[in-house]
Amino acid sequence: MGVAGSFPSFAGRPPGPVMDREEADRALARLGAEHEAIETSLLALQDHAGRRLLEGAELTGVTRERWATTEQSITLLWGYFDAYAGALSEARAIRARRRHPNREDLTALTDLLRGESVTVANPDAVPPSVAGPARLSERFSLQELVARMNELYARSLDMVVSSDSVWSALPARIDLLAAELHRTRSLAHSVGVRPGEHPAGDDLAEITEELATLRVQVISDPLAFWLPGPGSAAPGGGRPDTSRYDRAARALEDVRREIEAVLTVRQDAEARLVRLRDVLSRADRTLTEARAARGEVLAKIAASEVPAVSGPPTALQERLAAASEHRRYAQWHRLSPLLESLEQEAEDELLRARESLTSVTAPLAVRAELRGRLDAYKAKVARHGLAEDPVLIERYDAARRMLWSAPCDLRVAEQAVLRYQHAVADMLTPRRPDGPQDRRGAGTGMGEEGETR
């Protein structure tokens, strides 16, 4: 910002031997360069944009307190600088008396340039936190005076730069976010998202109030939003505290996504309602099929536990009708959450209907499996030329009568099928004419039976 971090340090030495002419000339040259640097820094601080803003702002809180102290420090800085400039002018006047200064001139120059030769009046203007208890006057060497000015300047510059950094960063960002908030609020109203009617509308109202409050506080008390940098002694070392702004920005982004979801609902509401009706229709048809299957099972299967089949869910149909009403009257903010819950519940209802159908038809599936197993063993018997065996015919006919009769007792039918399987296995097991059956052959026969089963 064109403001130096501190003034140049005075390079003189404590009072000691009287300086010669060359030492005095070198010291005066250094003092002249130092004077120009100090004056440049003070003028830059005086013209700093942050200082001008602080002078014109209605400050509150910690900024008001620190600015009152800083104004005193800046006033005192100019008083110190005038005293410094006066000492320099006096030293130059002494040196200008003669081309070759005598010992009296050199003694006076030594005292001015190295001793406590500067008296500062108006000590009441010194802030107690900076200069300690007030005294009627204070005497400084030029080196001590520069050190005191450096301290006051660094504190003043830190306060000015910190305030200006907050003002440069936050108000503009708040204004941009407020413009985005205005656009989002207009869009929200177009889809029926309003305070008191939708949570996102309440959130928008809270964000609007927070941004308005935040902007007023940032303008009046910028230092309340300043985080000093850890371990940094440089003026303005730190960064603006944007935590409240960041929270408002995240909240607005969440609301914006909610509004976009509502807009998406408006665009594809009809298609989603058609899909919902289709899913619920499929669930109803599945339940109708389950009820019909239950009647068939009760008529054809004996001694079997058949679960009851519930009717279609009337509550879902009523809510679906309510969703259609929301769409008809463009109540998108109400339709959005309703559709989401209905879609999940409709899928759950279709799954429940399918599970009910599976549970009801389980006895029929068992009967079908037993019939298939019986026919498979009959085909195996035919391949081995045993179709005319009377024992096998008798057991096959017994099992078949049980499986094709109504009502069918599945437990008894399964036992009949197992007796037929065992008879087939016995017929197919090779036997030795004169002794026990071949264990290897018996194992093979049982293995074949196991594979068939």
Side-chain angles (χ1 to χ4, degrees), residues 278-313 347-432 436-453:
D278 176 65
V279 172
L280 289 178
S281 177
R282 286 156 56 194
D284 288 346
R285 291 195 302 270
T286 303
L287 287 175
T288 300
E289 184 181 353
R291 284 191 292 272
R294 185 173 188 274
E296 180 183 358
V297 170
L298 291 174
K300 295 182 177 181
I301 306 297
S304 178
E305 294 293 334
V306 184
V309 179
S310 64
E347 291 294 337
D348 293 342
E349 178 61 22
L350 179 58
L351 178 60
R352 184 184 68 82
R354 288 171 174 170
E355 291 175 347
S356 180
L357 177 60
T358 300
S359 177
V360 165
T361 58
L364 295 177
V366 172
R367 188 185 66 174
E369 191 274 334
L370 290 174
R371 286 177 174 182
R373 194 194 311 175
L374 184 65
D375 289 342
Y377 269 90
K378 182 182 179 183
K380 182 177 180 180
V381 167
R383 287 197 306 271
H384 287 80
L386 300 174
E388 302 300 326
D389 185 88
V391 175
L392 295 182
I393 292 174
E394 185 272 332
R395 293 194 179 185
Y396 172 79
D397 288 341
R400 192 179 191 285
R401 281 194 305 271
M402 293 179 185
L403 287 173
W404 268 267
S405 63
C408 172
D409 190 326
L410 290 178
R411 289 187 289 271
V412 176
E414 184 178 14
Q415 293 299 320
V417 172
L418 287 174
R419 285 195 297 271
Y420 178 66
Q421 287 179 234
H422 294 159
V424 172
D426 289 342
M427 290 292 182
L428 296 179
T429 300
R431 296 178 181 274
R432 293 182 181 178
Q437 66 180 27
D438 189 332
R439 293 184 181 274
R440 182 169 53 85
T444 303
M446 290 305 292
E448 186 179 4
E449 176 191 352
E451 293 175 3
T452 304
R453 293 182 61 184

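Reckoned from all heavy atoms, side chains included, excluding hydrogens, waters and symmetry mates.
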For [X], give me all partners under side chain to side chain contact (heavy atoms under 4.5 Å, CB included), at least two apart in sequence or on another chain.
| X | value |
| --- | --- |
| Arg401 | Asp397, Ala398 |
| Asp348 | Gln344 |
| Glu349 | Ala283, Leu287, Pro313, Leu316, Arg352 |
| Asp389 | Val391, Leu392, Met427 |

Nearest heavy atoms of [X] and [Y], plus distance in Å:
| X | Y | answer |
| --- | --- | --- |
| Arg367 | Leu410 | CB-CD2, 3.8 Å |
| Leu403 | Ala413 | CD2-CB, 3.6 Å |
| Val412 | Met402 | CG1-SD, 3.5 Å |

What side-chain donor-acceptor pairs closer than 3.5 Å can you find for residues 289-296, not counting sequence neighbours?
unit_1 : atom_1 : unit_2 : atom_2 : d
Arg291 : NH1    : Ser310 : O      : 3.2
Arg291 : NH2    : Thr288 : OG1    : 3.2
Arg294 : NE     : Pro307 : O      : 2.8
Arg294 : NH2    : Val306 : O      : 3.3
Glu296 : OE2    : Lys300 : NZ     : 3.0

Using side-chain heavy atoms (C-beta onward) and a distance below 4.5 Å, is Cys408 in contact with Ile301?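 They are in contact (side-chain heavy atoms under 4.5 Å apart), so the answer is yes.
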Any Val424 side-chain heavy atom under 4.5 Å of Leu386 side chain: no
Could you tell me which residues satisfy side-chain hydrogen bond (donor to acceptor under 3.5 Å, both in side chains) with Ser281, sequence neighbours excluded, listed by chain and number? Arg285
Considering residues at least two apart in sequence or located in another chain, which fulfil the side-chain hydrogen bond (donor to acceptor under 3.5 Å, both in side chains) criterion with Asp278?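 Partners of Asp278 under the side-chain hydrogen bond (donor to acceptor under 3.5 Å, both in side chains) test: Arg282.
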Among Leu357, Leu351, Thr358, the one residue meeting side chain to side chain contact (heavy atoms under 4.5 Å, CB included) with Glu355: Leu351
What residue pairs, at least two apart or across chains, pass ring-ring contact (aromatic ring centres under 6.0 Å, His included) with a residue in residues 349-371?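 Sorted result for residues 349-371: empty, none.
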Please name the residue in the list Lys380, Arg395, Arg373 that meets the side-chain hydrogen bond (donor to acceptor under 3.5 Å, both in side chains) test with Gln421.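 Single side-chain hydrogen bond (donor to acceptor under 3.5 Å, both in side chains) partner of Gln421 among Lys380, Arg395, Arg373: Arg373.
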